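In what follows, residues are counted from 1 in the order of the sequence shown. Here the structure is a predicted model, which is why all the values come from computation and not from measurement.
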Amino acid sequence: MALMTVRTDQALARQIAPYDGRITAARTLALIIAQPTKDQAVAVRLARAALRREPTAIPALVTLGLAAQARGDTPKATRWFGYAETLSRRDSQTQLWMIENAVARGDVPATLRHYDIALRTAPELATLLYPILATASADPQIRAALARTLARRPAWGESFDNFLAANAADPATPAQLFLALRRVGITVPDPARIGTINALVAHGRADDAWHYYVADHPDADPRRSRDPRFTATLAPTVFDWVPANEVGISSAIQQGVEGGVFDFSAPSSVGGVLLRQAQILPPGTYRLSGHGDGIEQAYGARPYWQFTCADGREIGRVVMPNSSQDNGKFTGTLQVPAGCPVQTLSLVARPSDAIAGLSGRIDRVMLEPIR
């Protein structure tokens with residue numbers, strides 16, 4: 001009965017089993033946490049009594065450590081918490097105190113060591129510790145030490161990567177951390193990698209995003225579009241071909257033996273973006289070319305390639321021909337003006353009057369400079 005009750009009512013549990021050192025220890029910790037000043041003397045007395053009955057009662061050791069810290073006696077608190085950690089590294093209160101103590105001493109390796117222990121032994125502490133660690137990782141010294149910790153592949157590593165990518169105030173912070181991990185052969189999970197690159201572009205840091213992108217795509221050329229035959233295997237970032245899948249539209253990249261193909265369809269009277277890829281082309285003249293199949297529409301209903309700046313300005317358009325024309329090949333010229341450092345190339349469907357709607361496929365497309 002006492003062992004069940006102690007989870008919610010430590011005082012009642014101790015009344016039921018006052019002889020049990022474990023239960024008395026739980027009562028002392030509840031007292032000092034609830035009233036650290038008022039009940040400190042009572043908590044200390046009970047903690048010592050608990051240890052006489054049960055020398056491995058970690059809550060009693062934590063109580064004595066917290067009491068010593070409250071009196072400003074850090075050396076004694078360190079001894080109590082050190083003893084508690086010697087008995088078990090699974091006590092969350094002990095690890096949290098060790099983290100705070102290491103931070104106060106400016107000991108980054110010790111701080112991260114206790115972060116690692118706490119997150120491995122008590123994963124629920126991620127809610128408390130991830131935001132603090134994410135903020136601290138903006139510091140280059142801490143970020144370098146954190147990279148070494150993550151390089152050991154702790155169980156919480158991928159979860160933290162995803163959290164950092166989604167919550168970092170500056171997306172450059174996760175980008176720098178992930179690049180450091182990549183240099184030692186650690187693969188960052190796709191959501192973190194994609195989220196970081198896309199966030200950098202959204203924050204106007206396209207050059208930083210590209211620097212991170214080419215770490216995974218060393219052959220990428222900023223002067224031309226990528227993956228002309230839809231063969232990419234990594235999950236797509238904004239710099240890759242991304243099917244839009246707007247409401248009512250079906251679009252997907254299918255992998256084949258000799259390359260990939262982009263299939264799309266839309267019902268009658270439905271239009272929208274089918275496919276897009278971000279570009280960072282320097283000012284100049286470019287050729288868009290490729291090959292499509294299965295497109296048969298009136299001129300005003302044919303899909304087209306739209307070229308826009310990051311601010312939404314359209315700077316070019318190439319209408320797709322019907323596949324019966326020139327064997328489905330298409331080509332066009334696009335101009336990148338000054339003051340447009342980031343562009344988006346999109347395939348757009350126009351509403352069709354055809355009963356069957358719009359459908360087709362593209363097996364090759366390339367945007368490259370005209371020499």
Side-chain angles (χ1 to χ4, degrees), residues 201 204 206-207 209-210 213-214 217 219-232 236-244 246 249 251 253 259-266 271-352 358-371:
V201 174
D207 289 342
W210 181 260
Y213 179 82
V214 296
H217 304 80
D219 296 329
D221 185 343
R223 298 170 302 169
R224 61 189 69 230
S225 62
R226 290 148 300 286
D227 192 21
R229 293 189 177 275
F230 306 102
T231 58
T237 70
V238 293
F239 291 127
D240 302 298
W241 291 119
V242 181
E246 295 189 359
I249 292 176
S251 60
I253 295 175
V261 62
F262 173 66
D263 283 310
F264 59 90
S265 63
V273 175
L274 300 167
L275 182 70
R276 57 167 62 95
Q277 185 183 99
Q279 316 291 334
I280 53 170
L281 306 173
T285 304
Y286 296 82
R287 177 186 298 109
L288 178 69
S289 61
H291 177 266
D293 185 33
I295 301 172
E296 295 296 334
Q297 296 288 331
Y299 180 81
R302 294 175 193 167
Y304 62 90
W305 293 97
Q306 183 182 50
F307 203 39
T308 58
C309 286
D311 58 11
R313 286 180 293 144
E314 182 175 313
I315 54 176
R317 180 179 293 198
V318 175
V319 178
M320 289 282 294
N322 282 334
S323 299
S324 58
Q325 177 184 338
D326 196 20
N327 198 30
K329 296 178 181 178
F330 62 88
T331 186
T333 301
L334 297 170
Q335 189 78 30
V336 177
C340 180
V342 180
Q343 315 89 33
T344 300
L345 179 64
S346 306
L347 179 62
V348 181
R350 287 188 278 200
S352 170
L358 168 70
S359 63
R361 63 176 49 192
I362 295 172
D363 55 28
R364 177 172 51 84
V365 60
M366 169 62 79
L367 183 60
E368 55 190 343
I370 296 177
R371 294 182 172 83

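- More than 12 non-hydrogen atoms from other residues, nucleotides or ligands lie less than 6.0 angstrom from CZ of R224.
- Heavy atoms only, all atoms of each residue included: A338 and P283 are closest at CA-CG, 4.0 Å.
- A donor-acceptor pair is defined here as one N or O able to donate and one able to accept, closer than 3.5 Å; such a pair exists between the side chain of T237 and the backbone of F239.
- Between the side chains of T308 and E314, no donor-acceptor pair is found at a separation under 3.5 Å.
- Annotation: side chain of V201 is not in contact with side chain of Y213 (no heavy-atom distance under 4.5 Å).
- Residue I370 comes nearest to T333 through the heavy atom pair CD1-CG2, 4.2 Å, listed as atom of the first residue, atom of the second, then distance.
- Within a 6.0 Å sphere centred on CZ of R350, other residues, nucleotides and ligands contribute more than 12 heavy atoms.
- The shortest heavy-atom contact between S225 and V365 is OG-O, 4.4 Å.
- Q343 contributes a side-chain N or O that, together with a main-chain N or O of L281, makes up a donor-acceptor pair within less than 3.5 Å.
- Taking CG of D263 as the start and CG of L274 as the end, the distance is 11.5 Å to the nearest 0.5 Å.
- In this model, a donor atom of one side chain and an acceptor atom of the other lie less than 3.5 Å apart for Q279 and R226.
- Closest approach of A232 and D227 over heavy atoms only: N-OD2, 3.1 Å.
- Remark: side-chain polar atoms of N322 are not paired, donor with acceptor, to backbone N or O of S324 under 3.5 angstrom.
- In this structure a side-chain-to-backbone donor-acceptor pair under 3.5 Å is missing from T231 to G260.
- A 6.0 Å sphere centred on CG of D207 holds no more than 12 heavy atoms belonging to other residues, nucleotides or ligands.
- The shortest distance between side-chain heavy atoms of F264 and L358 falls below 4.5 Å.
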